[in-house]
Amino acid sequence: MRQEPVRAGANVIPDYLLTVEALNVSARTEAGLKPLVTDLSFSLRPGETLAIAGESGSGKSITSLAIMGLLPQPAVRVTGGRILFGGTDLAQLPERRLREIRGNRIAMIFQEPMTSLNPVMTVGAQLMEALQAHAPLGRAEARAEALAALKAVRISEPERRLSQYPHELSGGMRQRVMIAMAIALKPDLLIADEPTTALDVTVQREVLDLLRALQREMGTAIILITHDMGVVAEMADRVVVMQGGRKVEENAVRPLFAAPAAPYTRALLDAVPRMGRGEGPAARSGAAVTRLTEVTVTYDLRGGLLQRVRHRVHAAEGVSFDIRSGETFSLVGESGCGKSTIAKALVGLAPFSGGIEVAGRMLTPATVDQVRRDVQMVFQDPMASLDPRMRVGDLVAEPLVIHGIGTPETRRETVRALFHKVGLSSDQLDRYPHEFSGGQRQRICIARALALRPKLIVADESVSALDVSVQARVLALLKALKEEFGVAYLFISHDMAVVENISDRVAVMYLGQIVEMGTRGQIFGDPRHPYTRRLIEAVPVPDPTHVRSPAPLEAREIPSPLRAVGDPPPRARLVDIGAGHLVAMPPAAPG
């Protein structure tokens, strides 16, 4: 049943833990106050999970920061309404009182744990610091409480983690530490701001299952901030959908997914990539654009007085595949599996052994500049890929200038045509990157990659940082450009739903090796390797009626690719089980 929020001026219902009434948040600008959140109202009961969903800029994170009292005042401040927590208006509390509540009764988990943890303090020191800030604990007591918090989040080897620094942990481990810090004082309310966006799909599932288990054990209410409607379907009891700083819809999760009332909500749900929607694979009749043969990438680690090579990181081991003209070939797997290492080797940015052929040319130090004309890259973060001091028209033209192609006039015409191809207008050529949205900046990067008319574009996590609707538009653009230009793609991603929607063929990587390879239908319709099955089963399903068994809550550590010199890793032997469907025998990954 739909639950109406408490209106301003009404009596506070005791059942509610948190009530936000007609909240307004504004930013101070030269032109005056700019509204960021307008007339927002919702409420939350103890033990309930409320998802606040919407695209970037919708006001989700600003709302969470307002509740925590972490707005960057005076530039951004609450300009109206109330935030009632246990009958107390948080918006009116002085900073001293807010510090007593933050961490103690309301805690927050941020999106990127590496930027939230102190890199020069051990995990144990940071946990103890948070505990001692709110409770009169001695060092031994604080350490015992910190260890108990790490055990509660089922982190592997919790005693060892206390003495480690954040950089020594994987992304999933760091997020577990953030959760441990948030729950250490058993708060009544936990705000999770995009807690899994930066994580691999399997780690994401582990973290979500962990949050559910902790909620059952502790009775903590959760506000989940996300743009991933699959995560919303799996986690939420109720949903608030925001657009442009306003609430456009609020409902229980099942009726909202079954019959969304707002057009914006319907558009969000329609844009979610769903498994099983992929089209049939393209015929592989074209010539091979690139061919990799037994490509191996290793990095030496030196140590001791004489700095001898003691260990070797096997980042990629015996990788072989080809990509044909007009084909989208995807590499998938968790962080550290070797996907990006292969991409760097392909464009001459990583030393390798074995053979790499691009457009009939073997990649060597002497041919790397010629090969780079035929291979271009689109990276995950478009803002980091574009020089903020250059106009975007000049950025797109830069590859032409570097390779001495055309005159200034013809280059300008080429850039105008490329802007039109990627859905931008020529009157935007003289703007700077910061004047565009994330999706527009990625379109600029795609235009830049097309400037040299490459045979192959390497798209390395090129849509993972984008909102779901922007992601859908960029994927549609990549498909259209493939049809028009006949360009091939090496699409690198950990998002299996996106991969299933865009790929012709797929290779699954684990510990630097390909463990399964085949057409999209073979990989997603009949996965044979246990690691492939685990990746697919972990994908969030945007359907709140879908029930799946929880994953083990114990943290799963991916084996290290580090080997002693002279001790090579076990090689997976790929066997053709029919119609070019290759599977590692014996399996080189856990079941």
Side-chain angles (χ1 to χ4, degrees), residues 1-10 16 18-27 33-45 48-67 71 76 78-84 91 111 191-194 197 221-274 437-440 466-473 540 542-544:
M1 181 181 295
R2 180 166 177 163
Q3 179 177 302
E4 294 295 332
V6 177
R7 300 299 178 190
Y16 289 138
L18 176 75
T19 301
V20 174
E21 297 182 350
L23 179 66
N24 289 273
V25 180
S26 301
L33 290 178
K34 176 184 177 182
L36 302 178
V37 174
T38 304
D39 196 29
L40 176 63
S41 297
F42 62 84
S43 53
L44 179 69
R45 297 180 187 276
E48 184 181 32
T49 298
L50 173 73
I52 303 180
E55 296 174 294
S56 297
S58 63
K60 309 185 304 295
S61 293
I62 289 292
T63 300
S64 67
L65 293 175
I67 295 170
L71 292 173
V76 180
V78 174
T79 52
R82 300 194 296 173
I83 304 171
L84 299 173
Q111 176 176 346
I191 301 175
D193 189 359
E194 300 279 8
T197 299
I222 295 177
I223 294 179
L224 179 66
I225 310 289
T226 185
H227 66 262
D228 189 329
M229 299 304 284
V231 171
V232 170
E234 291 204 5
M235 291 290 293
D237 299 310
R238 288 188 302 116
V239 188
V240 169
V241 181
M242 293 186 68
Q243 180 187 25
R246 295 178 179 272
K247 181 177 72 175
V248 297
E249 186 167 0
E250 179 181 1
N251 209 340
V253 64
R254 289 199 177 192
L256 184 133
F257 273 75
Y264 178 71
T265 308
R266 291 196 294 271
L268 275 182
L269 293 173
D270 288 343
V272 176
R274 286 175 166 82
S437 68
Q440 288 175 321
L466 303 178
D467 290 322
V468 64
S469 56
V470 180
Q471 181 186 83
R473 291 193 290 271
D543 178 3

Heavy-atom side-chain proximity of [X] to [Y] below 4.5 angstrom:
| X | Y | answer |
| --- | --- | --- |
| V468 | P273 | yes |
| M242 | T63 | yes |
| R274 | P542 | yes |
| M229 | F257 | yes |
| D237 | R45 | no |

Roughly how far, to the nearest 0.5 Å, is the [atom2] atom of [Y] from the [atom1] atom of [X]?
| X | Y | atom1 | atom2 | value |
| --- | --- | --- | --- | --- |
| L50 | L224 | CG | CG | 9.0 Å |
| Q440 | R473 | CD | CZ | 9.5 Å |
| R246 | T38 | CZ | OG1 | 4.5 Å |
| T49 | I222 | OG1 | CD1 | 4.5 Å |
| E250 | T265 | CD | OG1 | 11.5 Å |
| I52 | F42 | CD1 | CZ | 4.0 Å |

Side-chain ([X]) to main-chain ([Y]) donor-acceptor, under 3.5 angstrom:
| X | Y | value |
| --- | --- | --- |
| E249 | V241 | no |
| R238 | E48 | no |
| K60 | T226 | no |

Grab the two heavy atoms, one from [X] and one from [Y], that are nearest each other, plus how far apart they are.
| X | Y | answer |
| --- | --- | --- |
| A236 | V253 | O-CG1, 3.3 Å |
| V239 | A53 | CG1-CB, 4.4 Å |
| G54 | L268 | CA-CD1, 4.3 Å |

If the condition is side-chain contact (heavy atoms from CB on, under 4.5 Å), which residues does [X] pass it with, not counting sequence neighbours?
| X | result |
| --- | --- |
| A66 | L23, V25, L71, V78, I83 |
| L36 | A27, I62, V76 |
| D543 | V541, T545, H546 |

From CA spacing to verdict: side chain to side chain contact (heavy atoms under 4.5 Å, CB included), S64, I223: CA-CA 8 Å; S64 67; I223 294 179; 5.9 Å; no
